[in-house]
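For reference, the structure discussed in these notes is given below.
Keep in mind that what you see is a predicted model, and the values were worked out from it rather than measured. Order of appearance sets the numbers: ligands from 1, and atoms from 1 within every ligand.
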Amino acid sequence: MDLLNTPAALRSQCRQWRAQGKSIALVPTMGFLHDGHMSLIDHARGRADRLVVSVFVNPTQFGPNEDLDRYPRDLPRDLALAQAHGADAVFAPEPGAMYQPDHSTWVEVPELAKGLCGASRPIHFRGVCTVVLKLLNLVQPDVAVFGQKDWQQLAILRRMARDLDLDAELVGMPIFREADGLAMSSRNVYLTAEERAKVPAIRQGLLLVRQTLAAGEKDAARLGEIFCEHLAANLPESRPDYVSFVDPESISPVAHISEATLLAVAVCIGKVRLIDNILLEV
Ligand code: AMP
């Protein structure tokens, strides 16, 4: 497995593979890999002849008061995991290799980025789109694999790919969870033991909403209250950032659930902000 640190090295390696007729899969990550990432990597491994995993804590998707500096990092461990799961190359550039000091070009999908995480993280998706487009341009993959945990991100990237005629197929993989239901996330290491014991309440709240919908309650506002009540009772030290019912593709708000709807939540607890979601089908 190769460790590549510069865009030029990545481009040249991928160009060589394509010249040999090899198909390429890409899995973009911010590293500190966990089993959720590995489910993407394992899927991608089966989808192409060559597999590139990127490990890049992309500074442009972090706001000024966010956790860029303390975001967990462990490149040696990530390299070992990527290699064990069949990656052919890991791309792990320094920020200075990805962004010129006068970087000035941004990709935005404002309509899909204004709600949910975009409401409290106004520059986040602009940074995500820009870095993912850069990675897609460098690798020119046949397939790029993302997680449905970041559902809004995937919807935005799909819209970007459609609007800009990108060639790669974007694949979304199901949320990979701990045994108690907590969605895996690199940020889970920020949780104290006490918080960690209680946060499965988020997943339980999502499932409670699904059950209540199945029992006939279709009013999104009422279902949102049920989620918040469950959270207040089981994770009283938390504060929901948003509890939103949206169209899964357009991310526009849904008031009455009459077709497939995404319930997406972000919950703040201590220093951590956790996101999760569930697709509600009727
Ligand atoms: P990150 O390193 O957090 O930027 O995530 C890199 C990719 O892994 C993104 O496409 C995420 O949606 C995906 N991912 C992160 N956590 C999970 C999870 N628990 N299950 C499935 N995919 C995930």
[X] heavy atoms, cut-off 4.0 Å: which ligand 1 atoms fall inside?
{"X": "Met184", "answer": "16 (N), 17 (C), 18 (C), 19 (N)"}
{"X": "Phe146", "answer": "10 (O)"}
{"X": "Leu40", "answer": "7 (C), 8 (O), 10 (O), 13 (C), 21 (C), 22 (N)"}
{"X": "His34", "answer": "15 (C), 16 (N), 17 (C)"}
{"X": "Pro28", "answer": "6 (C), 7 (C)"}

Starting from [atom], which protein heavy atom do you reach first, and at what distance in Å?
{"atom": "atom 20 (N) of ligand 1", "result": "Phe176 N, 2.8 Å"}
{"atom": "atom 4 (O) of ligand 1", "result": "Met30 CG, 3.6 Å"}
{"atom": "atom 21 (C) of ligand 1", "result": "Pro174 O, 3.4 Å"}
{"atom": "atom 1 (P) of ligand 1", "result": "His37 NE2, 3.6 Å"}
{"atom": "atom 10 (O) of ligand 1", "result": "Gly147 N, 2.9 Å"}

Self-check item: Polar atom proximity, Asp150 to ligand 1 (N or O, under 3.5 Å)
Solution: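 In this structure, Asp150 places an N or O atom under 3.5 Å from an N or O of ligand 1.
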Quiz item: N/O of Ala183 under 3.5 Å from N/O of ligand 1, yes or no?
Solution: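 Ala183 vs ligand 1: no N/O contact under 3.5 Å.
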Exercise. Examine Arg70 relative to Tyr190 and say whether NZ or CZ is less than 6.0 Å from the centre of the six-membered ring and inside a 45° cone about the ring axis.
Key: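 That pair qualifies as a cation-pi contact.
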Distance, nearest 0.5 Å, that separates [atom1] of [X] from [atom2] of [Y]:
{"X": "Arg222", "Y": "Leu213", "atom1": "CZ", "atom2": "CG", "value": "13.5 Å"}
{"X": "Gln61", "Y": "Cys117", "atom1": "CD", "atom2": "SG", "value": "11.5 Å"}
{"X": "Asp78", "Y": "Phe32", "atom1": "CG", "atom2": "CZ", "value": "8.0 Å"}
{"X": "His124", "Y": "Leu116", "atom1": "NE2", "atom2": "CG", "value": "11.5 Å"}
{"X": "Phe56", "Y": "Met30", "atom1": "CZ", "atom2": "CE", "value": "10.0 Å"}

Practice problem: State whether a side-chain donor-acceptor pair under 3.5 Å links Asp247 with Ser250. | Solution: yes
Practice problem: Would you check if there is a donor-acceptor pair between the side chains of Tyr99 and Asn58 at a distance under 3.5 Å? | Solution: yes
Exercise. Identify which one of Gln83, Arg50, Arg45 satisfies the side chain to side chain donor-acceptor pair (under 3.5 Å) criterion when paired with Asp88.
Key: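 That would be Arg45.
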Exercise. Select one of side chain, backbone, both or neither to describe which atoms of Ser186 lie under 4.0 Å from any atom of ligand 1, heavy atoms only.
Key: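 It is neither; nothing of Ser186 touches ligand 1.
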